[in-house]
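What follows is one structure encoded as structure tokens, with my remarks underneath.
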Amino acid sequence: MIEFMTCGESHGKQLSAILEGMPSGIRMDPDLINHDLWRRQQGFGRGGRQKIESDKIEITGGIYRGRTTGAPIGLSIHNKDAKIDELPQLWRPRPGHADLAGVLKYNVGIREILERASARETAMRVAVGSIAKLFLLDFGIKVAAHVVQIGKARIKAEVSFDAILKRSDDSQVNCVSPDVEKAMIREIKKAMKDENTVGGKFEVCVRGVPIGLGSHVHYKRKLDGRIAQGLMSLQTVKAVEFGIGVLAAEVFGSEAHDEIYFDPKRSYYHTTNRAGGITGGMSNGSEIRVRAIMKPISTLGKPLRSVNMKTKAPEKADFERSDICAVPAGSVVGESIVAFEIADAFLEKFGGDSVAEIKRNYKGYLRSIEV
Ligand code: EPS
């Protein structure tokens with residue numbers, strides 16, 4: 001089992017994490033981590049904060065001469081906008097934000113709640129996910145995400161894994177189609193003009209996952225449940241779907257499942273992937289395809305009705321600098337979240353203390369399921 005803990009406020013000194021349980025021998029690549037951090041900061045419709053920050057990882061433990069040692073990995077990202085003590089207290093909770101429930105539950109002000117509820121925290125989740133991606137690459141497993149919808153602009157057809165890999169870092173919305181990208185940018189511009197915000201949907205795909213990660217035997221071990229929990233914990237995510245997802249409610253069984261075939265050269269296989277790569281809580285050998293739906297960000301330039309928590313008078317919600325659209329950034333975070341969950345399930349199945357040991361276990365398993 002791998003686990004990590006993050007701490008740090010949006011405008012505090014730094015974000016920190018300790019990642020525990022990674023084996024020794026993973027080649028560390030700070031450039032790749034920094035590239036993912038950079039990707040998270042991009043996207044048309046991002047707010048002013050990203051012009052201030054240029055997130056860079058500092059690795060403070062668990063690495064020797066460029067490889068993991070098996071010890072807990074210490075990570076920090078310094079905030080440039082680290083002025084938390086100068087920032088004012090707020091009194092008008094934003095509808096849709098953690099503000100109201102957080103203030104009542106913790107008996108503190110809105111400032112204390114928003115500082116930790118902020119999506120700034122996801123920078124660290126990206127760093128952790130990048131390390132998971134580096135581990136998975138040693139086993140030929142690749143994770144990639146792309147934006148499929150912003151507002152009413154959407155990609156209609158399924159996008160191949162290779163097309164997702166080929167998408168350009170220059171895309172302003174992490175979208176594979178230049179035409180749909182234009183329509184997505186139009187949606188964001190509309191929201192911008194109205195001082196509004198807009199949500200959307202991203203898809204995370206994983207290639208090279210062997211059959212049998214996760215398990216049917218216990219609810220906490222189900223791979224789809226674990227991935228869904230990870231994605232639902234991302235700020236603004238309201239729904240998660242695998243494969244045909246919500247469409248499963250309206251089609252008949254004959255259109256909902258993946259028929260099974262056998263070929264002596266390639267073993268068992270499916271010609272469709274309606275399950276999104278997971279059946280019975282276990283990976284089934286097909287690509288994992290999961291989509292997350294993000295609501296529009298709750299900090300609005302034209303705020304919604306709220307209540308002043310000091311006076312109890314009806315007032316408009318507070319507004320602080322925010323994003324118009326965070327879906328492209330969310331897709332990068334989603335990629336990291338899924339990478340972490342796959343790495344966790346992979347280590348659970350093939351666990352060992354070094355990459356070399358895990359490789360032996362993995363090869364033995366692959367041989368055992370050969371027919
Ligand atoms: C974010 C940092 C935040 C926000 C945004 C995401 O920085 P600041 O509050 O200084 O502008 O831009 O967070 C929210 C929208 C939110 O509601 O907290 C980031 O780094 O992703």
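Both ligands and their constituent atoms are indexed starting at 1 by order of listing.
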Q. Does ligand 1 have any atom that is closer than 4.0 Å to a heavy atom of Q41?
A. no
Q. Can you tell me the protein heavy atom closest to atom 9 (O) of ligand 1 and the distance?
A. H11 CE1, 3.6 Å
**Q.** Candidate list I324, I150, V173, test side chain to side chain contact (heavy atoms under 4.5 Å, CB included), partner F44, passing option
**A.** V173
Q: Please state which part of E53 comes within less than 4.0 Å of ligand 1, counting heavy atoms only: side chain, backbone, both or neither.
A: neither
Q.
For ligand 1 and R321, I'd like to know whether there is a polar contact (N/O to N/O, distance under 3.5 Å).
A. yes
Q) Where is the nearest protein heavy atom to atom 21 (O) of ligand 1: which residue, which atom, and how far? A) R40 NH1, 2.8 Å
**Q.** Charged tip of K349 within 45° of Y365 ring normal and under 6.0 Å
**A.** yes
(Q) Are M22 and L32 linked, directly or through intermediate hydrophobic residues, by side-chain heavy-atom contacts shorter than 4.5 Å (ILVMFWY only)? (A) yes
Q) Protein heavy atom under 4.0 angstrom of atom 1 (C) of ligand 1, is there one? A) yes
Q) Looking only at non-hydrogen atoms, which of V126, D323, T122, I324 approaches atom 12 (O) of ligand 1 most closely? A) D323
Q.
Quick check on contacts: which atoms of ligand 1 are under 4.0 angstrom from a heavy atom of I297?
A. 15 (C)
Q) Ring centroid separation for F139 and F350, is it under 6.0 angstrom? A) no
Q) Does the separation of the ring centres of Y261 and Y268 fall below 6.0 angstrom? A) no
Q | Q235 heavy atom under 4.0 Å from ligand 1 | A | no
Q: Examine H97 against ligand 1 and note whether any of their N/O atoms are separated by less than 3.5 Å.
A: yes
Q. Looking only at protein heavy atoms, which one is nearest to atom 3 (C) of ligand 1, and how far off is it?
A. S118 OG, 3.8 Å
(Q) Regarding R120 and D55, does a basic nitrogen lie under 4.0 Å from an acidic carboxylate oxygen? (A) yes
Q. Is the closest basic N to carboxylate O distance between R360 and E357 below 4.0 Å?
A. no
(Q) Regarding E241 and R291, does a basic nitrogen lie under 4.0 Å from an acidic carboxylate oxygen? (A) yes
Q: Tell me which protein heavy atom sits closest to atom 19 (C) of ligand 1, plus the residue, atom name and distance to 0.1 Å.
A: Q50 NE2, 3.2 Å
Q: Would you check the N or O atoms of S322, main chain and side chain alike, for any that come under 3.5 Å of an N or O of ligand 1?
A: no
Q: May I ask you to say whether D194 pairs ionically with K302, meaning some side-chain N is under 4.0 Å from a carboxylate O?
A: no
